[in-house]
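Numbering of residues begins at 1 and proceeds along the displayed sequence. Reckoned from all heavy atoms, side chains included, excluding hydrogens, waters and symmetry mates.
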Amino acid sequence: MHSQPPATTLSPALTLLLATATGLAVASIYYVQPLLGLLSDQFGVGSAAIGLLPTLTQLGYAAAILLLSPLGDRFDRRRIIAIKAAGLVAALAFAALAPGFAALCIASVAIGLMATLAQDLVPAAATLAPEAERGKRVGQVMTGLLLGILLSRVASGSLAALAGWRAVYAAAAVAVALLMPLLWHGLPRFVPATQAGYGSLLASMAGLWVKHAPLRRAALAQGLLSVAFSAFWSTLALVLAGPEFGQGSAVAGAFGLAGAAGALIAPLAGGLADRRGPQAVIRAGALLVFVAFAVQAVAPASLWLLVGVAVVFDLGVQAALVSHQSVVYGLDAGARSRLNAVLVSVMFVGMAGGAALGSTLLAAFGWRAVPALGAVAALGAWAIARRR
């Protein structure tokens, strides 16, 4: 059974609500990154071990997208959004109260699982948007997601400097709790796209992977770009705290402002993908990421260079992501949650791999190994994007 569009349309107010909720949900998995230096000192663990926190969060996110997000095609998406929002509030509150490093690791997994709320909100926007404007409208909601990813670091680093790391998680829990009633009353009921059982839903994702070559290319290319993205942001606080830069969590968080410039390209990239096709946008985005990291890997240490790298590579990653989503959402209207689940689960496996590899390379070879990894990953994404 194919889903029918809900009666509610994607009004400006609802678009703003979805963008805000998506941003706050996805921000939850990035609050930890500017805090790594503080947490390393408090719990007495080294740079390799502290890298477990972003790695576990990303793995939890990837697992939940693969195992839970397909339910959006089977059940009323509004109810799923409400349940996940409540679970995210609980996970963030547990992190704020975590008594030790092991407990914070558990909380990190739970936050990753429930933060997939964001990946239920984006397909909701795609369903509510007119078909001719889907790329543009999804791009507008994705702006909220991308700003949430990047500005989360600003908020986290600044608040931690003023009130400690526990205040970051407590404030995040309150913010999501305040949005819950607005989402419940603002969203319509969604008619399920299928009556298939849970096992069949999971099995069908493998079929979608085999059936749609554009899905495979999109997932693999965005997964490689995510390796580069996560390696940079997961190690930035440790790099800035090192002898080359000597900066604290507030400066690490402020780098989110530089990266946020890339998020502003999301609606433009979506509109360009609607008009001229997404492939050129994807290739250009991958090339920007490669150039940014290649320059960082060989240039002298400089805060201003790091700022420039953050702006350029974030722009490339986000432009590619919006264009990849435009490709994927157009493949099968009745399977958007599952298509999104495949794309984003591969992407967040890349995120987790980037966090783990970045921390390991930083500890073993120093900070220049991180942009070298990013350049290689981006080159691979560009090669995949060139294939037809």
Side-chain angles (χ1 to χ4, degrees), residues 1 3-29 31 60-61 64-65 67-96 107 110-130 134 137-149 151-152 155 169-195 198 201 329 333-334 336-338 340-341 344:
M1 181 173 66
S3 61
Q4 298 298 319
T8 301
T9 59
L10 197 58
S11 67
L14 184 55
T15 300
L16 178 60
L17 175 62
L18 290 175
T20 302
T22 301
L24 284 175
V26 80
S28 301
I29 62 177
Y31 290 130
Y61 198 91
I65 284 181
L67 299 176
L68 299 181
S69 291
L71 296 176
D73 289 333
R74 175 63 179 82
F75 299 101
D76 178 9
R77 192 174 281 117
R78 183 178 72 156
R79 187 171 297 277
I80 293 173
I81 287 169
I83 292 170
K84 284 190 176 180
L88 181 57
V89 170
L92 289 166
F94 179 56
I111 288 169
L113 290 170
M114 294 297 103
T116 51
L117 164 66
Q119 299 304 327
D120 293 292
L121 292 165
V122 176
T127 300
L128 295 172
R134 183 170 296 122
R137 299 298 184 90
V138 169
Q140 290 170 341
V141 174
M142 283 297 296
T143 297
L145 184 146
L146 303 173
L147 287 174
I149 291 174
L151 296 182
S152 61
Y169 289 107
V174 171
V176 176
L178 290 174
L179 277 186
M180 288 174 60
L182 298 177
L183 287 169
W184 181 254
H185 291 292
L187 285 169
R189 295 180 183 273
F190 289 81
V191 178
T194 178
Q195 294 298 317
Y198 179 65
L201 283 175
Y329 287 144
R336 286 196 179 114
S337 287
R338 283 166 286 165
N340 187 69
V344 182

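Taking Arg77 as the reference, Ser337 meet the side chain to side chain donor-acceptor pair (under 3.5 Å) condition, with sequence neighbours excluded. By the side chain to side chain contact (heavy atoms under 4.5 Å, CB included) test, Ala175 pairs with Leu24, sequence neighbours left out. Considering only residues two or more places apart in sequence or on other chains, Ala118 meets the side chain to side chain contact (heavy atoms under 4.5 Å, CB included) condition with Thr22, Ala25, Val26, Tyr61, Leu145. In this structure, the side chain to side chain contact (heavy atoms under 4.5 Å, CB included) partners of Ile83, at least two apart in sequence or on a different chain, are Arg79.
Two residues are said to be in side-chain contact when any heavy atoms from C-beta on lie closer than 4.5 Å; Ile111 and Tyr169 meet this criterion. Using a 4.5 Å heavy-atom threshold, the side chains of Leu183 and Leu121 count as touching. The side-chain heavy atoms of Val122 and Leu18, taken from C-beta on, include no pair separated by under 4.5 Å. In this structure, the side chains of Leu17 and Leu179 come closer than 4.5 Å at one or more pairs of heavy atoms.
Here the CG atom belonging to Leu68 is positioned 9.0 Å from the CD1 atom belonging to Ile80, to the nearest 0.5 angstrom. Rounding to the nearest 0.5 Å places CD of Gln119 at 4.5 Å from CD1 of Ile65. Note: Asp76 CG to Ile81 CD1 = 8.5 Å, rounded to the nearest 0.5 Å. Summarising the geometry, atom CG belonging to Leu88 is positioned 9.0 Å from atom OG1 belonging to Thr116; distances are rounded to the nearest 0.5 Å.
For Val89 against Ala177, the heavy-atom pair with the smallest separation is CG2-N, 3.6 Å. When all heavy atoms of Arg78 and Leu187 are compared, the pair lying nearest together is CD-O, 3.3 Å. When all heavy atoms of Ser28 and Leu92 are compared, the pair lying nearest together is OG-CD1, 3.8 Å. The minimum heavy-atom distance linking Ala93 with Ala173 is given by the pair N-CB, 4.1 Å. When all heavy atoms of Val176 and Ala85 are compared, the pair lying nearest together is CG1-O, 3.9 Å. Nearest heavy atom pair, residue Met114 against residue Gly87, reads CG-C, 3.4 Å.
Applying the salt bridge (Lys or Arg N to Asp or Glu O under 4.0 Å) test to residues at least two apart or on different chains, the pairs with a partner in residues 110-120 are Lys84-Asp120. Applying the salt bridge (Lys or Arg N to Asp or Glu O under 4.0 Å) definition to pairs two or more places apart or across chains, none involves residues 9-22.
In this structure a side-chain-to-backbone donor-acceptor pair under 3.5 Å is present from Tyr198 to Leu67.
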